[in-house]
Amino acid sequence: MARTKYRIGVMLSTTGSYSVVARSMLNGALLAFREINASGGDIALEPVVVDPSGDLARYRSLSLELLGSGIRHVVGCYTSSSRKEVIPCFEKLDGLLWYPSHYEGFESSDNVIYTGAAPNQHVLPLVDYLASRLGSRAFCVGSNYIWAWENNRIFREALTARGGTVLAERYLSVGDTEVDQVIAAIIDQRPDFVFNNLIGTSAYAFFRAFRAACRARGIDQAGEIPVASCTLSEPELPEIGPDAIDGHLSSSVYFSSLTSAENGAFIRAYTTSFPDGPVSSADAEASYIAVKLLGAALSQAGTDDARTVRAAVADQRLHAPQGEVRIDRQTFHAWLTPRIGRSTGSGQFEVLLESREPIAPDPYLVQSSPRFASAMRSPLLKVVQS
């Protein structure tokens, strides 16, 4: 049987300040390409990989190059600033961006398919966990761009709805590792927990320095002032280093330690294909999901026309490593399974809580009244480990 071949763009910053996560995302995407091409189906996909190196202007120019060459679909972007930078290109040239990263929500574009977590799938479950188990006083830190601004806003309003308080917010430029002043302010305030939206090298420096500063003052950082994130993943734990790797909370829809048959097969294939790492992550799985759903939609559509493929993807169901995933026809975000994990000294996450089933995306947080009441009735999570 003749196979139809499609060229697919893959645009990830595999060099630069957040390259560790981006390289795991590339691995996840490439694994999905290999599996689709080895399946003997009616399509074959050729990845065209580009590296913007974290440069926003480069994201835009590479998007225009890919779309101008006839490519209609691009899997890529990690940061929200890069996604915002390229969306006008996709809207102008009628391509589809398959965005495989958790994000802050409050966005709608007919030219984006979102396979990462929306705020009701990562921020709100984390607020519920922290407020019910650790306390109500938060200190927020983040990288100085839209992801952290918006995530902290959502977190603050949701925590306030629970009767909590954000003591302060501090921001650092992406890649900035001068964290001592922020850490001094945190220790002075002594919050119940820190909500972290730093990314890449900034986050790794913060975790190391915060643990060391607390240790120097006789503070059990993980026990007394834990750090909670919606971004921290397995490939980043070795970057933090062995002295500060454990005890950090992460709200995610996927951890590589999941024990399902689907995840076992995924981890074996991933490790065999990429023995030099980085290890798998939630963003790697989201990239894998994006390519798998794209392949299924292309096969059903019989064309790579963006509008036809977009219509077809809402019919797909995928037994992903995290569980069943499907695209919501109203929002074109994914149904995903929220989980809370805690990092261990072995470089993994132990799952503490997880949803009993996939949760519908609510990227605009409109499914509650008042606006953030959903923080008080977030996805019903079952206790996995205390």
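The chain is numbered in sequence order, starting from 1.
Between the side chain of Asn196 and the backbone N or O of Ser229 there is no donor-acceptor pair closer than 3.5 Å. Side-chain atoms of Arg60 never come within 3.5 Å of backbone atoms of Val86 as a donor-acceptor pair (strictly under, hydrogens ignored). Checking side-chain atoms of Arg72 against main-chain N and O of Leu96 turns up no donor-acceptor pair under 3.5 Å. With hydrogens and angles ignored, the 3.5 Å screen pairs a side-chain donor or acceptor of Ser143 with a backbone N or O of Ile199. In this structure a side-chain-to-backbone donor-acceptor pair under 3.5 Å is present from Asn111 to Gly95. Listed for the Ser39 side chain is a donor-acceptor partner under 3.5 Å among the backbone atoms of Ile36. Using a distance-only test at 3.5 Å, with no hydrogens or angles considered, no donor-acceptor pair links the side chain of Ser287 to the main chain of Ala29. Listed for the Ser343 side chain is a donor-acceptor partner under 3.5 Å among the backbone atoms of Gly247. Looking at Gln121, its side chain does come within 3.5 Å of a backbone N or O of Ala334 through a donor-acceptor pair.
Asn197 places a side-chain heavy atom less than 4.5 Å from the side chain of Trp147. Side-chain contact between Val279 and Ser256 is absent, with no heavy atoms from C-beta onward closer than 4.5 Å. Side chains of Met11 and Cys77 form a contact here, defined as non-hydrogen atoms less than 4.5 Å apart. Within the 4.5 Å cutoff, the side chain of Pro100 has heavy atoms near those of the Met25 side chain. By the 4.5 Å heavy-atom criterion applied to side chains, Tyr171 and Asn152 are counted as neighbours. The closest side-chain heavy-atom distance from Val166 to Phe195 is not below 4.5 Å. Between Leu232 and Ile240 there is a side-chain heavy-atom pair separated by less than 4.5 Å. With contacts defined as side-chain heavy-atom distances shorter than 4.5 Å, the pair Leu336/Val325 qualifies.
The hydrophobic clustering, which links ILVMFWY residues whose side-chain heavy atoms are closer than 4.5 Å, places Val194 and Leu167 apart. Hydrophobic clustering (side-chain heavy atoms under 4.5 Å, transitive across Ile, Leu, Val, Met, Phe, Trp, Tyr) keeps Ile359 apart from Trp335.
A parallel orientation is assigned to the rings of Tyr103 and Tyr114, their planes being inclined by less than 30° (bins at 30° and 60°). Ring-plane geometry between Trp98 and His73 is classed as tilted, the angle between the planes lying from 30 to 60 degrees on a 0 to 90 degree scale.
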Please report the C-alpha distance between Ile225 and Phe210 in whole Å, then the side-chain angles of each, then the deciding distance to 0.1 Å, and finally whether the side-chain contact (heavy atoms from CB on, under 4.5 Å) criterion is met.
CA-CA 10 Å; Ile225 318 177; Phe210 188 40; 3.8 Å; yes
Q) Would Glu107 and Lys84 satisfy salt bridge (charged side-chain N to carboxylate O under 4.0 Å, His left out), going step by step from the backbone distance to the final call? A) CA-CA 9 Å; Glu107 179 177 281; Lys84 294 286 191 184; 2.8 Å; yes
Please lay out, stage by stage, how Ser355 and Thr337 fare under the test side chain to side chain donor-acceptor pair (under 3.5 Å). CA-CA 6 Å; Ser355 173; Thr337 303; 5.8 Å; no
_With side-chain contact (heavy atoms from CB on, under 4.5 Å) as the criterion, how do Asp283 and His102 come out once you've worked through the C-alpha distance, each side chain's angles and the decisive distance to 0.1 Å?_
CA-CA 8 Å; Asp283 298 295; His102 45 263; 3.3 Å; yes
message = Using the rule given for side chain to side chain donor-acceptor pair (under 3.5 Å), can you reason through Ser346 versus Thr344, listing the C-alpha separation, both sets of side-chain angles and the distance that settles it, and then say yes or no?
response = CA-CA 5 Å; Ser346 65; Thr344 69; 2.8 Å; yes
| query | When you look at Ser63 and Val74, which way does the side-chain contact (heavy atoms from CB on, under 4.5 Å) test go after all the steps? | reply | CA-CA 8 Å; Ser63 294; Val74 177; over 6 Å; no
| side-chain contact (heavy atoms from CB on, under 4.5 Å) between Leu237 and Phe349: does it pass, once the steps are laid out? | CA-CA 10 Å; Leu237 296 178; Phe349 285 90; 3.8 Å; yes
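By the salt bridge (charged side-chain N to carboxylate O under 4.0 Å, His left out) test, Asp220 pairs with no residue at all, sequence neighbours left out. Residues passing the salt bridge (charged side-chain N to carboxylate O under 4.0 Å, His left out) test with Asp110 are Arg310, sequence neighbours excluded. Every salt bridge (charged side-chain N to carboxylate O under 4.0 Å, His left out) that Glu324 has, sequence neighbours left out, goes to Arg326.
Of all heavy-atom pairs spanning Glu236 and Gly200, the tightest one is OE2-N, 4.2 Å. Residues Tyr364 and His333 come closest through the heavy atom pair OH-CE1, 4.0 Å. Smallest separation of non-hydrogen atoms from Phe255 and Ser252: CZ-CB, 3.7 Å. Considering all non-hydrogen atoms of both residues, Tyr18 and Gly54 come closest at OH-CA, 3.4 Å. In terms of heavy atoms, Asn120 sits closest to Asp362 at OD1-N, 2.8 Å. In terms of heavy atoms, Arg7 sits closest to Ile71 at NH1-CG1, 3.6 Å.
Interatomic distance, CG of Leu249 versus CG of Leu126, reported as 7.0 Å (0.5 Å rounding). In this structure, Phe332 CZ and Ile327 CD1 are separated by 8.5 Å, a value rounded to the nearest 0.5 Å. Taking CG of Leu298 as the start and CG of Asp305 as the end, the distance is 10.5 Å to the nearest 0.5 Å.
Pairs of residues two or more places apart, or lying in two chains, that qualify as side chain to side chain donor-acceptor pair (under 3.5 Å) and include a residue from residues 268-278 are Asn27-Tyr270. Pairs of residues two or more places apart, or lying in two chains, that qualify as side chain to side chain donor-acceptor pair (under 3.5 Å) and include a residue from residues 238-251 are Arg211-Asp246.
More than 12 heavy-atom neighbours from other residues, nucleotides or ligands sit within 6.0 angstrom of CZ on Arg137. Within a 6.0 Å sphere centred on CZ of Arg215, heavy atoms belonging to other residues, nucleotides or ligands number more than 12.
Counted by atom type alone, Ser13 and Tyr59 present one or more donor-acceptor pairs between their side chains at under 3.5 Å. Ser24 and Ser281 form a side-chain donor-acceptor contact under 3.5 Å, judged by distance and modelled atom types alone. For the 3.5 Å distance criterion, the side chains of Ser81 and Thr79 qualify, holding a donor opposite an acceptor. A donor and an acceptor atom, one from each side chain of Ser80 and Arg83, are located under 3.5 Å apart. No side-chain donor-acceptor contact under 3.5 Å links Thr201 and Ser17.
At a threshold of 4.0 Å, the pair Glu35-Lys292 counts as salt-bridged, since one of the basic side-chain nitrogens sits closer than that to a carboxylate oxygen. Taking the charged nitrogens against the carboxylate oxygens, Asp315 and Arg329 do have a contact shorter than 4.0 Å, which makes a salt bridge.
Partner of Phe155 under the side chain to side chain contact (heavy atoms under 4.5 Å, CB included) criterion, out of Thr160, Leu124, Val123: Val123 alone.
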Only distances under 3.5 Å count here; give the side-chain donor-acceptor pairs of residues 174-190 to other protein atoms, sequence neighbours excluded, each with its distance to 0.1 Å.
{"from": "Asp176", "atom 1": "OD1", "to": "Glu178", "atom 2": "N", "distance (Å)": "2.9"}
{"from": "Arg190", "atom 1": "NH2", "to": "Glu224", "atom 2": "OE1", "distance (Å)": "2.9"}

